[in-house]
Visitor: 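Before I ask anything, let me first share the structure, which is written out below as structure tokens.
Chain letters run A, B, ... following the sequence lines, proteins first and then strands; every chain starts at 1. These numbers come from the heavy atoms of this one structure, side chains and all, not from hydrogens, waters or symmetry mates.
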Amino acid sequence: MLSGDIPPSQTIYIKNLNEKVKKEELKRSLYALFSQYGRILDVVALKTPKLRGQAWVVFTEITAASNAVRQMQNFPFYDKPMRIQYAKTKSDCIAKEDGSYDKKKKQEEKAERKRRAEEAQQSTMPNGVSAQNGGSTASFRHGNSSAQEAVAPNNILFIENLPHEATSMMLEMLFQQYPGFREVRMIEAKPGIAFVEFEDDQQSSMAMQTLQGFKITPQNPMTITFAKK
DNA sequence: AGCACA
């Protein structure tokens, strides 16, 4: 069952996420990690029993989503390989943009889902006995960035939009607090950019997740992507 | 495994 049967869309659906990570941190990290593929409109994550361990990342560009699906497939994120597909349905924030969002219809769909869920519960419990036996419902199972270039994970990070006053010393202070840090490299002839090397691409991605958008000066949020190989 | 918009 490959993800290939779902048509490309600007929203990606990610599963097998580490469920121990708190919702807000998860959303922030996903945003920081995936923003290297393009502009992100929204990140949705819920911790309900049915939806934990999953998230949706909405890009403005479908190509960004495609690159993200390919390049970050199975990438270890909080120690678990991400499983990425395209989302099955259009995100609300997109529907609202293109005018196809219909609040009434939305409520009907929601009510319908709820109805069907309850119905499923009923049919497995003919006596109307509630599911309090050990809390196990499992026993009831029946039918039941301007990224034109794809960016693959790399142990070297590419930093852009630095203030021209930034020095490698300053960046070193910033990045060396993350495990696996090796070195900062800047090019005299090219102010505003830098390369930061880590031991491996998981460690570099951790630094990216927390420093993405970090401002050395108020007008310079840094943009971090994996360096091209 | 699990496709939503708290």
Visitor: Ignoring hydrogens and angles, answer whether the base of B:dA1 and the side-chain atoms of A:E19 contain a donor-acceptor pair closer than 3.5 Å.
Guide: yes

Visitor: Starting at CD1 of A:I14 and ending at C1' of B:dA1, how long is that distance when rounded to a whole Å?
Guide: 16 Å

Visitor: NZ of A:K88 to CG of A:D5: how many Å apart, nearest 0.5 Å?
Guide: 8.5 Å

Visitor: What is the distance, to the nearest angstrom, from the CG atom on A:L46 to the P atom on B:dG2?
Guide: 17 Å

Visitor: Starting at CD of A:Q107 and ending at P of B:dA6, how long is that distance when rounded to a whole Å?
Guide: 12 Å

Visitor: Take A:Q54 and A:T48, find for each the nucleotide of DNA chain B with the closest heavy atom, and name the residue whose nucleotide sits nearer the 5' end.
Guide: A:Q54

Visitor: Specify the separation, in whole Å, of atom CG of A:L17 and atom C1' of B:dC3.
Guide: 13 Å

Visitor: How many Å lie between CD1 on A:I84 and C1' on B:dA1, as a whole number?
Guide: 17 Å

Visitor: Could you please spell out the steps behind the side-chain contact (heavy atoms from CB on, under 4.5 Å) verdict for A:F59 and A:N67?
Guide: CA-CA 11 Å; A:F59 292 96; A:N67 285 334; over 6 Å; no

Visitor: Which is true for A:L51 with a 4.0 Å heavy-atom rule: it touches a base, it touches only sugar-phosphate, or it touches nothing?
Guide: sugar-phosphate

Visitor: Quick one, A:L33 and A:M208 - any side-chain contact, counting heavy atoms below 4.5 Å?
Guide: yes

Visitor: State, yes or no, whether a side-chain contact exists between A:P81 and A:N16 at a heavy-atom distance under 4.5 Å.
Guide: yes

Visitor: If you look at every strand shown and take non-hydrogen atoms under 4.0 Å, does A:N16 touch a base, only sugar-phosphate, or nothing?
Guide: base

Visitor: Going by ring-ring contact (aromatic ring centres under 6.0 Å, His included), name the residues that satisfy it together with A:F198, two or more places apart in sequence or in a different chain.
Guide: A:F181

Visitor: Using a 4.0 Å cut-off on heavy atoms, which residues in residues 87-95 of chain A reach DNA chain B? List them by number, or say none.
Guide: A:A87, A:K88, A:T89, A:K90, A:S91, A:D92

Visitor: Running the 4.5 Å side-chain criterion over Ile, Leu, Val, Met, Phe, Trp and Tyr, what cluster does A:M206 land in, apart from itself?
Guide: none

